[in-house]
There are 2 protein chains.
Amino acid sequence: MRLTTKGRYAVTAMLDLALHTDKGPVSLADISARQGISLSYLEQLFARLRQCNLVQSVRGPGGGYRLSVSTAQISVAQVVDAVSESLDATRCEGKGNCHEGEVCLTHHLWENLSDQIHRFLSDISLADLVARGEIQAVKERQDSRLHTGVRPENHIIVSEIL
Amino acid sequence: MRLTTKGRYAVTAMLDLALHTDKGPVSLADISARQGISLSYLEQLFARLRQCNLVQSVRGPGGGYRLSVSTAQISVAQVVDAVSESLDATRCEGKGNCHEGEVCLTHHLWENLSDQIHRFLSDISLADLVARGEIQAVKERQDSRLHTGVRPENHIIVSEIL
DNA sequence: GCTATATCCGAGCATTTTACTCAACTATTA
DNA sequence: TAATAGTTGAGTAAAATGCTCGGATATAGC
């Protein structure tokens, strides 16, 4: 399990998707504009997320991505794992380069720690993140903007599709 | 806070150091031989660890590195932070590229998550890792080897220095 | 059917990071 | 004085990051 800016981008994008998914599919162009991530990079990330069955795509105009399952069922760990392809190549896979089993044990120990981190992030769902106070403030601001008829830039309202 | 193989190397090396530190300074050559990490790379890692005051160096023959403080006082987070130089450059540092404060909030949220991970790893000390069952088995094997007069390869006993 | 929208898909590419080598220098011990 | 071992810096191949560009495919609305 690796934790880099790549995973951060993925979590941010998925969070954006979670916030706007109730109004129909969200296009990558929207996420790109809102989150400042390049469209092509998002395409690559979402290709992985789709392969891991975290999101579903809707092609054509008004299309985009939606979550495959509810926000409560998607953990941060799943998102990070989806884009990091951690082969976790422990350099002592049965080979003889582990002197007296010592190296293997240290690696084992690290995997142990890695598992703990993984379990920790598995307990945090997108729903948990969305439920936070800061994000709620944004959501409400967006809702009120919808009520007054003002539409967010670069965001096509596709509620008529649903 | 980033979590890559670099941090993994650092934790592994520090763990090796923690296991052998009671017998005097541990040379990087020893760690290199035991853990299969190149000497030059270890030098770079320990330069950082020294700057962060996690280890102290002893120059000259029989020298090496020892922990600056006890294993209970060094957390995994400290070790990872020492080598990852996470500038954590949030791309919206007061600049105007955050549309309507929304991007900033998402970044804020990620930092929030990042803090949680950091706090989690801060609670795991080297002593905690050493106390694990698997590593205890290695320690005891090494201890018994010392009792029978057999010395680990590449490891100079410097107990007379202490 | 045509067009605009959007996902898909692959190639390529500049930059950074990783993990390492090599070389020289300094401090310390015996 | 010789051997050890940290210290420093330069360089480097390979990988990962974070994109661009070009095109293909699917679909909604006209």
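Each chain gets a letter, A, B and so on, in the order the sequences are listed, and its residues count up from 1.
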Among D:dG18, C:dA19, D:dT27, which is the nearest nucleotide to the side chain of A:T5? D:dG18
Shortest non-hydrogen contact between A:V11 and A:V79, atoms and distance: N-CG1, 3.7 Å
For the pair made of CG in A:D30 and P in C:dT5, what is the distance, rounded to whole Å? 13 Å
B:R59 has its side chain closest, among C:dT26, D:dC21, C:dC20, to C:dT26
Return the value, rounded to whole Å, for the distance between atom CD1 of A:I37 and atom P of D:dG18. 10 Å
Can you tell me the distance, in whole Å, between the NZ atom of A:K6 and the P atom of D:dA16? 8 Å
Tell me the interatomic distance from A:Y65, atom OH, to C:dA6, atom C1', rounded to whole angstroms. 9 Å
Between B:T4 and C:dT18, is there a side-chain N or O to OP1/OP2 distance below 4.0 Å? yes
End-to-end axis angle, where each axis spans five pairs of the helix from C:dG1-D:dC30 to C:dA30-D:dT1, to 10°: 20°
Between B:Q44 and B:G60, which is nearer to the 5' end of DNA chain D once each is assigned its nearest nucleotide? B:G60
Give one of base, sugar-phosphate or nothing for A:S57, where a contact means two heavy atoms less than 4.0 Å apart. sugar-phosphate
Nearest-angstrom distance from the residue atom CG of B:L45 to C1' of C:dT17: 13 Å
Shortest non-hydrogen contact from B:L54 to B:Q78? CD1-O, 3.8 Å
Does A:R2 put a side-chain nitrogen or oxygen below 4.0 Å from OP1 or OP2 of D:dT17? yes
Quickly work out the A:L28 CG to D:dT20 P distance and round it to whole Å. 14 Å
Looking at every non-hydrogen atom in both residues, tell me the closest pair between A:R48 and A:A82 and how far apart they are. CB-O, 3.4 Å
Please find the pair of heavy atoms, one from A:L39 and one from A:S32, that lie closest to each other, and give the distance. N-OG, 3.7 Å
Taking any heavy-atom pair under 4.0 Å as a contact, classify B:F46: base, sugar-phosphate, or nothing. nothing
Across all chains, not counting sequence neighbours, the side chain to side chain contact (heavy atoms under 4.5 Å, CB included) partners of B:T71 are B:A18, B:L67, B:L126, B:A127
Are A:S38 and D:dT20 close enough that a side-chain N or O sits under 4.0 Å from OP1 or OP2? yes
Can I get a per-line list of side-chain donor-acceptor pairs under 3.5 Å for residues 115-124 of chain A, giving both atom names and the distance, sequence neighbours left out?
unit_1 : atom_1 : unit_2 : atom_2 : d
A:H118 : NE2    : A:D81  : OD2    : 2.3
A:S122 : OG     : A:H118 : O      : 2.7

What integer distance in Å separates B:E43:CD from C:dC20:C1'? 11 Å
A:D128 side-chain N/O to A:S125 backbone N/O, donor-acceptor pair under 3.5 Å: yes
When you measure from the side-chain N and O atoms of B:R66 to the phosphate of D:dA5, is any distance below 4.0 Å, counting only OP1 and OP2? no
Find the distance A:Y41:OH to C:dC8:P and express it as a whole number of Å. 18 Å
